Each structure stands twice: as structure tokens, then as C-alpha cells.
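The structure under discussion appears below in the form of C-alpha cells.
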2 protein chains.
Amino acid sequence: MNIGDISKATGLPAKTIRYYEEIGLIRPARGANGYRHFSETDLHNLTFLGRARSLGFSIEECRALLALYTDKDRASADVKQIARVHLAQIDAKIAELQAMRATLAELVSACAGDQRPDCPILKGLAGEG
Amino acid sequence: MNIGDISKATGLPAKTIRYYEEIGLIRPARGANGYRHFSETDLHNLTFLGRARSLGFSIEECRALLALYTDKDRASADVKQIARVHLAQIDAKIAELQAMRATLAELVSACAGDQRPDCPILKGLAGEG
DNA sequence: CCTTGACCTTCCAGCGACTGGAGGCCCTAT
DNA sequence: ATAGGGCCTCCAGTCGCTGGAAGGTCAAGG
């Protein structure tokens, strides 16, 4: 399979696949013409990477997960540890966004939103709120 | 006030303040020795920027908000519009993270996390789940 | 056989919002 | 005179791509 085929199969842009090779996540073979040639294993690995990325794992976390995925003697504890750390990061991010959301929603609801210049949102941002 | 003083007063790193000048968010005066000199207005503007950034507004949104903050003839509707768009973005981001969180939490809870290699997390990422 | 167009290649630059560090000037206190 | 801290500019790096330029390759149609 060429990069276009694998791109369609995985849903990942060709640019992204080349980038993953560049940073050493995958090592596709090369044909005589210099084209990348992707095996079934490459397909599995890229699918895996795509899903891991869509769950918000960083590239380095993906690298570690992929190594564990490839290592048939891994301990599931190692995988779970990475996942738990990431889950905690997601929770922290959600909490941060919810705090922002609460403050912002309060300011928005206090603002008349008409033609007058008086604006509780700006006052709040300026520290008068 | 020099940059160190304003940094303490606003809580923003000096590097960030220089960066804000570089991209035209602020225009502090300069002393004969080349040092930046910050007025009370600069202090207010930087405080405003710090709060807006901490609510997740992008730099360009901050630029627009600061312009409205400075313009005493603004309509509060313009401010509210920016804030509402941002609020919607935050909500979208929260929803995205919660979806990730749900999937990930499910995988984590299904994983024994022991010394055996069998791992529902890896299976899920591979698409077997 | 030639051309067209889709596909592939590499390399370089840019996004957002800083952050770190090098190298050097300035100011105050001892 | 010197030591220290603070200030200056400029360059490079972060993360994960993404866009574009310049050019090689391949299959189909005339």
C-alpha cells in the first residue's frame, strides 16, 4: 500500500503519516522508486496511533503505548499506569475549563449586550467585578 | 515602573510582557537608557490581558477586547458577542474532553493492571474493543 | 510515443503563545 | 573598582502538525 491508500484506510493525513515516520513512530519500507510501502503491521500501528491520539495521548505517550502494544510480554500494569496519568490530566483540564466557563458565563449573563457602553464583562476583566 | 515591577504587579512573566509589546498589544514608553517604562494605563491593560488570557481568550480575542475596553463609546453587544463565541468554544472543548474521558475511563476500569500481558486498553486502541 | 494528471518525494516555513538562554549594557551599593 | 542584579535584543525551541514549492514517478488516453 502506498501512502495515499494507508491515509484513506486510517483516516490520517499523508502529511501526518510522513511526520510519524520522521519522528520514528513508524518505519515503513521503501520501494525501488523511493515510495513508502506500508504493510499490514504498519496499518495496525497507524490505526492504533490514530485512536490513541484521538483520546488525547501525547506523541510520547503514544510512543510508549505503541512499544507496549508491540511487546507481547508487556505487563498490563504498565499500560494502565500511562492511561491513568493521562486520565488525571484530562480531569484537570476539564476542571480548568469548567472554572473558566463558570466565570465567563456569569459575566456574559450580567451583560445587557445592547448599544450602551456599560459592560460587566469588561469590568470583570479589568478587575472591578 | 520597570518591567520587573510590572511583572510583579500583574503576575505576568517579563518575557510575556515583552512578547505582548512585540505583537502590538501594548506600547510602553522607553527611557533614555532603553528601558521600558510602564504607566498606570499599561498596568491596567496588562491586568486586563492577564485576566482575559486566564479565561482562555486567544491573543486575537484579547486584542479585540482590549480595543473595546479602551473605546469608551463601545457597544456592550460587541463585547458580549466575543464572549459568547468563546463560551461556545469552551463548551465544545469540555464536551470533547468528556467524550475522551468516558472512553478512556471505560478502558482503564476494564484493565486488570497486573503482570499479565492481556490488556483491554491496548485492545481498545487497536480497534478490537 | 507523448502528454496529462494524479500521485509520490524532499525540504522549508509557519501556526499559538510563549519560554529558555546567550551575550551584553546599565545602575546601585560597597 | 567591582559585584550583583536588572534590563536589553536576538535566536532557538516547544507541540503536532499543516501548507506550499519544486521536482520525480506512474498509469491512462490520444
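This structure is a prediction, so every number in the text was calculated from the model and none was measured. Quick note on labels: first sequence line is chain A, next is B, and so on, each numbered from 1. Values reported hereafter were calculated over all heavy atoms of this structure, with side chains retained and with hydrogens, waters and symmetry mates removed.
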ask   = Do side-chain atoms of B/D91 reach the backbone of B/A88 as a donor and acceptor pair under 3.5 angstrom?
value = no

Side-chain donor/acceptor contact of A/Y35 with base of D/dG24 under 3.5 Å = yes

task = Let me know the distance between CD1 of A/I23 and C1' of D/dG13, rounded to the nearest Å.
result = 16 Å

ask   = Rounded to whole angstroms, how far apart are NZ on A/K15 and P on D/dC15?
value = 20 Å

Whether B/D114 side chain and B/R116 backbone form a donor-acceptor pair below 3.5 Å = yes

task = Check the distance between D/dG24's C1' and A/I3's CD1 and give it to me in whole angstrom.
result = 16 Å

message = Looking at B/R18, I'd like to know whether one of its side-chain N or O atoms comes within less than 4.0 Å of OP1 or OP2 on C/dT19.
response = no

request  = Could you please name the option among C/dC18, D/dC17, D/dG20 that lies closest to any side-chain atom of A/Y19?
outcome  = D/dC17

ask   = Step by step, would you call B/E60 with B/R63 a salt bridge (charged side-chain N to carboxylate O under 4.0 Å, His left out)?
value = CA-CA 5 Å; B/E60 288 315 307; B/R63 195 189 299 276; 3.0 Å; yes

key: B/N33 side-chain N/O to C/dC27 phosphate OP1/OP2 under 4.0 Å   = yes

key: Between D/dC26 (C1') and A/N2 (CG): distance, integer Å   = 10 Å

query = Phosphate oxygens OP1/OP2 of D/dG16: is one of them under 4.0 Å from a side-chain N or O of A/T16?
reply = no

task = Respond yes when some side-chain nitrogen or oxygen of A/R36 is under 4.0 Å from OP1 or OP2 of C/dT10, and no when none is.
result = yes

query = How many Å lie between CD on B/E21 and P on C/dA17, as a whole number?
reply = 18 Å

query = Are OP1 or OP2 of C/dT10 and a side-chain N or O of A/R30 less than 4.0 angstrom apart?
reply = yes

ask   = How long is the line joining NE2 of A/H37 and C1' of D/dC26, in whole Å?
value = 16 Å

key: Side-chain N,O (B/Y20) to OP1/OP2 (C/dA17) below 4.0 Å   = no

key: Validation row: B/I82, A/I121 side chains within 4.5 angstrom (heavy atoms)   = no

ask   = When you match A/I59 and B/F38 each to their closest nucleotide on DNA chain D, which lands nearer the 5' end?
value = B/F38

query = Within a reach of under 6.0 Å around CD of B/Q98, are more than 12 heavy atoms found that belong to other residues, nucleotides or ligands?
reply = yes

ask   = Which whole-number value in Å describes the distance from B/E60 CD to C/dC18 P?
value = 12 Å

ask   = Which whole-number value in Å describes the distance from A/L25 CG to D/dC15 P?
value = 13 Å

